[in-house]
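Some notes on the structure that comes next.
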Amino acid sequence: MIELAPSILSADFARLAEQVRSAAEGGASVIHVDIMDGHFVPNLTIGPPVVKSLRRATDLPLDCHLMIEDADQFIPMFAEAGADWMSVHQEACRHLDRTLHLVKSHDCQAGVVINPATPVESLSEVLDIVDYVLVMSVNPGFGAQEFIPNSLHKIRRLAEIRARRGLNYRIEVDGGVALDTVAEVVRAGAEILVAGNAVFGHGDPKDNARKLLKAATEATLQKV
Ligand code: DX5
Ligand code: ZN
């Protein structure tokens with residue numbers, strides 16, 4: 001039920017295939033790929049060619065988190081490169097409903113993302129069309145930032161709204177998820193855990209992934 005989605009942002013890009021394999025051996029079941037354009041966020045990362053190479057390196061679903069302006073222009077290219085899931089920011093999409101349908105038209109799971117300052121309520125009209133909602137628990141752009149505790153209320157609210165409206169989106173959280181924060185994130189209701197620094201920042205990705213998943217699973221058992 002809980003899935004770990006290591007973010008390759010903190011991986012060694014010269015050894016991506018090996019690092020992703022190691023995280024998968026530790027129980028990771030989704031690979032989170034951060035796409036940044038230097039406009040929507042103050043950092044630049046990768047584009048479709050790297051997604052295409054990753055596609056050949058793993059069978060796990062590729063979760064492309066698009067932190068870019070004009071997502072409509074690039075969604076077909078990421079789909080063609082092998083993305084399985086694609087999420088777009090509420091703050092970056094002028095026609096959010098259209099963009100989410102564009103993702104679905106490429107047979108990808110469609111996710112919507114909200115920044116720390118964006119309320120859950122701003123998603124009320126798209127919650128019935130998304131496959132997942134991604135709550136940013138840091139301001140997007142960089143790995144290894146500190147977890148923002150206010151995101152816990154947003155995760156809880158999304159779980160409540162889902163139950164009340166009978167919807168079935170999944171809840172993903174991204175930013176500062178590590179051994180010291182994972183339990184509260186899971187208890188709040190997050191089901192897909194993105195972790196960059198905690199998996200790839202130091203040590204062995206396999207061990208790191210295994211420990212994080214273990215802590216997450218234990219927290220589910222304590223969930224009230
Ligand atoms: C931040 C990215 C995250 C980032 C998380 O903009 O969206 O996916 O890699 O990194 P950690 O887990 O190190 O906070
Ligand atoms: Zn991300």
Side-chain angles (χ1 to χ4, degrees), residues 2-68 74 77-89 108-109 111 113 132 134-148 172-182 185 190 192-217:
I2 297 287
E3 292 204 78
L4 179 63
S7 160
I8 60 163
L9 187 62
S10 293
D12 178 350
F13 275 68
R15 294 163 50 227
L16 260 191
E18 182 190 325
Q19 297 235 295
V20 163
R21 202 175 315 119
S22 171
E25 284 169 10
S29 49
V30 179
I31 300 300
H32 185 83
V33 184
D34 289 303
I35 314 289
M36 304 186 186
D37 67 353
H39 292 278
F40 177 60
V41 288
N43 198 0
L44 273 172
T45 56
I46 58 162
V50 177
V51 173
K52 194 171 170 191
S53 297
L54 270 175
R55 178 69 295 154
R56 290 194 291 259
T58 179
D59 291 332
L60 296 183
L62 299 177
D63 169 25
C64 291
H65 173 192
L66 305 187
M67 286 161 274
I68 61 176
F74 297 101
M77 293 162 71
F78 283 108
E80 174 70 27
D84 300 283
W85 307 4
M86 262 188 263
S87 60
V88 295
H89 272 258
C108 292
Q109 302 264 316
V113 195
Y132 62 108
L134 172 49
V135 175
M136 288 307 300
S137 40
V138 296
N139 286 292
F142 303 95
Q145 301 182 80
E146 202 174 320
F147 182 82
I148 298 175
E172 182 175 29
V173 62
D174 183 3
V177 175
L179 283 175
D180 59 338
T181 52
V182 71
V185 158
I192 307 159
L193 312 172
V194 176
N197 190 51
V199 173
F200 295 116
H202 43 82
D204 178 23
K206 179 177 169 181
D207 275 359
N208 294 338
R210 192 182 287 142
K211 284 183 190 140
L212 209 49
L213 262 177
K214 183 166 178 277
T217 312

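Because the structure is predicted, anything quoted here is derived from the model rather than measured. Because only heavy atoms are used, hydrogens play no part in the values below, and waters and symmetry mates are left out as well, while side chains stay in.
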Kindly list each side-chain donor-acceptor pair under 3.5 angstrom involving residues 21-28, sequence neighbours excluded, with atom names and distances?
| unit_1 | atom_1 | unit_2 | atom_2 | d |
| --- | --- | --- | --- | --- |
| S22 | OG | D204 | OD1 | 3.4 |
| S22 | OG | K206 | N | 3.1 |

- Quick one: closest heavy-atom pair of P6 and V30, and the distance? CD-O, 3.1 Å
- Heavy-atom closest pair (A5 atom, I192 atom, distance to 0.1 Å) is CB-CG2, 4.2 Å
- Message: Working to the nearest 0.5 angstrom, can you tell me the gap between N43 CG and M67 CE?
- Response: 9.0 Å
- In short, C64 meets A83 closest at the heavy-atom pair SG-CB, 3.7 Å
- Note on the structure: Distance col, row E80:CD vs K52:NZ, nearest 0.5 angstrom, shows 7.5 Å
- Item | Atom of G203, atom of N208 and distance for their closest heavy-atom approach | C-ND2, 4.0 Å
- Query: At what distance, to the nearest 0.5 angstrom, does CG of D59 lie from CD1 of I31?
  - Reply: 11.0 Å
- So, for V182 and L179, which heavy atoms are closest and what is the spacing to 0.1 Å? CG1-O, 3.9 Å
- Query: Under 4.5 Å between any side-chain heavy atoms of N139 and I148, yes or no?
  - Reply: yes
- Message: With a 3.5 Å distance limit and no angle check, can you tell me whether N197 reaches the backbone of Q145 through a side-chain donor-acceptor pair?
- Response: no
- Please identify each residue that fulfils side-chain hydrogen bond (donor to acceptor under 3.5 Å, both in side chains) with R55, with sequence neighbours left out. D84
- Does any non-hydrogen side-chain atom of M36 lie less than 4.5 Å from one of L9? yes
- Message: I need the full list of side chain to side chain donor-acceptor pair (under 3.5 Å) pairs touching residues 8-19, with sequence neighbours left out, sorted by first then second residue.
- Response: D12-R15, R15-E18
- Query: Is the shortest heavy-atom distance from the side chain of V138 to the side chain of M136 under 4.5 Å?
  - Reply: yes
- Could you give me the CA-CA distance, side-chain angles and deciding distance for V135 and D174, then say whether side chain to side chain contact (heavy atoms under 4.5 Å, CB included) is met? CA-CA 6 Å; V135 175; D174 183 3; over 6 Å; no
- Task: Quick one: list whatever passes side-chain hydrogen bond (donor to acceptor under 3.5 Å, both in side chains) with D34, sequence neighbours left out.
- Result: S7, H32, H65
- Query: Could you give all pairs that pass the ring-ring contact (aromatic ring centres under 6.0 Å, His included) test and reach residues 36-62, with sequence neighbours left out?
  - Reply: F40-H89
- Would you mind reporting whether V194 and V173 have side-chain heavy atoms less than 4.5 Å apart? no
- Task: List in chain and number order the residues that pass side-chain hydrogen bond (donor to acceptor under 3.5 Å, both in side chains) with T217, two or more places apart in sequence or in another chain; answer none if no residue qualifies.
- Result: none
- Check whether any side-chain heavy atom of F74 sits under 4.5 Å from a side-chain heavy atom of P48, and report yes or no. no
- Query: Do the non-hydrogen side-chain atoms of L212 and L193 ever get within less than 4.5 Å of each other?
  - Reply: no
- Note on the structure: In this structure, OG1 of T45 is separated from CD1 of I8 (nearest 0.5 Å) by 8.0 Å
- Task: Determine, step by step, whether F147 and V185 satisfy the side chain to side chain contact (heavy atoms under 4.5 Å, CB included) criterion, reporting the C-alpha distance in whole Å, the side-chain angles of both residues, the deciding distance to 0.1 Å, and the verdict.
- Result: CA-CA 10 Å; F147 182 82; V185 158; 3.6 Å; yes
- Note on the structure: Minimal heavy-atom distance between Q109 and Y132, with the atoms involved, is O-CE2, 3.9 Å
- Query: Is there a side-chain contact between L134 and D63, using heavy atoms and a 4.5 Å cut-off?
  - Reply: no
